[in-house]
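Beneath this line is the structure, given in structure tokens, with notes to follow.
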2 protein chains.
Amino acid sequence: MTTRRDAVHDTLRRSEGFRSAQDVYAEMRLHGAKIGLTTVYRALQALADGGQVDVLRTDDGESVYRACATDTHHHHLVCRRCGRTVEVAGPAVERWAEMVGSEHGFTEITHTVEVFGTCASCSAPAKVG
Amino acid sequence: MTTRRDAVHDTLRRSEGFRSAQDVYAEMRLHGAKIGLTTVYRALQALADGGQVDVLRTDDGESVYRACATDTHHHHLVCRRCGRTVEVAGPAVERWAEMVGSEHGFTEITHTVEVFGTCASCSAPAKVG
DNA sequence: ATGGATTTTGACAACCGTTTTCATTTCAGC
DNA sequence: GCTGAAATGAAAACGGTTGTCAAAATCCAT
């Protein structure tokens, strides 16, 4: 029960940045894979549940997935142009979130932290003419 | 062109936490307001564009809005149970994000930081019986 | 291998929040 | 009051995601 899921996982691993379910599906079909959209959604969900891929929501509500190198907690620096992503650790931020939470009597603190920017190669070609 | 928008804004101000467009709509209809769902969506968008309300996406892709006290940059500590929200500042986090970005050659850095937890009053009534 | 139970798959339909459309209403300025 | 521009809202369209269900693949004891 793992062939398709692995195929999805592999496809994701080949991508630089975050990809939507439909991206993955299109990509797989392009390469001749015989798989249905429903199965891609299910595989991505399973992988996300199992912590093998990271998920985040784009501004327009799409879920995008990424097979990350580390399985430890980390955040992302994402190029808003090309989607290239680097994984970053932020121990200070973790502590800050924990502190802010408990300071106000909140428990079971979690947090979402994502950093967006324009990467070097995307901002370089400023010379359009 | 501002009556409806103000009504939406007021409704939002009366709420403790983040509310969805449909929440706001339902709330307004409950109180007898004569307004359409479309207009609520439009008003919320306009308010968000104008920076008068903050927006964020729930895990299930819904946009939720909040009329925040400060108009300066801040983050949120949100109770995942009741939605109660405290506005928090985090200068250290701002600097961290900026640093992480430029460290990797990214420019025009932005970031999203939200902290979730269970607030004191929601975790207190552990006594169910 | 074989039959039968179980799981996985995927085409399609349903869902649901959101956006668009467009005819109607409201309103400012004359 | 009249006119044109902006706002409104009911209903339809949209798009990503999830549910349905019958067919296909897989497992397993025989």
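In what follows, chains carry the letters A, B, and so on, assigned in the order in which the sequence lines appear, proteins first and then strands, with residues in each chain numbered from 1. Quick caveat: nothing in here was measured; it's all calculated off a predicted structure.
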Problem - Separation of atom OH in B:Y25 from atom P in D:dG9, rounded to whole Å - result: 9 Å
Could you list all N or O pairs between the protein and nucleotides 15-19 of chain D that sit under 3.5 Å apart?
{"from": "D:dT17", "atom 1": "OP1", "to": "A:S63", "atom 2": "N", "distance (Å)": "2.7"}
{"from": "D:dT17", "atom 1": "OP2", "to": "A:Y41", "atom 2": "OH", "distance (Å)": "2.7"}
{"from": "D:dT18", "atom 1": "OP2", "to": "A:Q45", "atom 2": "OE1", "distance (Å)": "2.8"}
{"from": "D:dG19", "atom 1": "O6", "to": "A:T38", "atom 2": "OG1", "distance (Å)": "3.4"}

Exercise for the section: Can you tell me the distance, in whole Å, between the CZ atom of B:R29 and the C1' atom of D:dT8? Expected result: 12 Å
Fill in the blank from the handout: Taken in chain and number order and not counting sequence neighbours, the residues that satisfy ring-ring contact (aromatic ring centres under 6.0 Å, His included) with A:H104 are none
Exercise for the section: Provide the full list of ring pair (Phe, Tyr, Trp, His ring centres under 6.0 Å) pairs with a residue in residues 25-63 of chain B, sequence neighbours left out, each pair given once. Expected result: none
Handout entry: Other ILVMFWY residues reachable from B:L30 by side-chain steps of under 4.5 Å
Key = none
Practice task
Indicate yes or no for a side-chain donor-acceptor contact from B:R57 to the backbone of B:G61 under 3.5 Å, with no hydrogens or angles considered.
Solution key: yes
Handout entry: Whole angstrom value for the distance that separates C1' of C:dG17 from CG of B:D23
Key = 12 Å
Handout entry: OP1 or OP2 of C:dT9 under 4.0 Å from side-chain N/O of A:T39
Key = no
Problem - Spacing between A:L44 atom CG and C:dT9 atom P, to the nearest angstrom - result: 13 Å
Only distances under 3.5 Å count here; give the side-chain donor-acceptor pairs of residues 43-56 of chain B to other protein atoms, sequence neighbours excluded, each with its distance to 0.1 Å.
{"from": "B:D54", "atom 1": "OD2", "to": "B:H74", "atom 2": "NE2", "distance (Å)": "3.1"}
{"from": "B:D54", "atom 1": "OD2", "to": "B:H76", "atom 2": "NE2", "distance (Å)": "3.3"}

Completion exercise
When rounded to whole Å, the CZ to P distance for the pair A:R4 and C:dT9 reads 6 Å
Handout entry: Residue pairs passing the salt bridge (charged side-chain N to carboxylate O under 4.0 Å, His left out) test where at least one lies in residues 66-91 of chain A, sequence neighbours excluded
Key = A:R66-A:E87
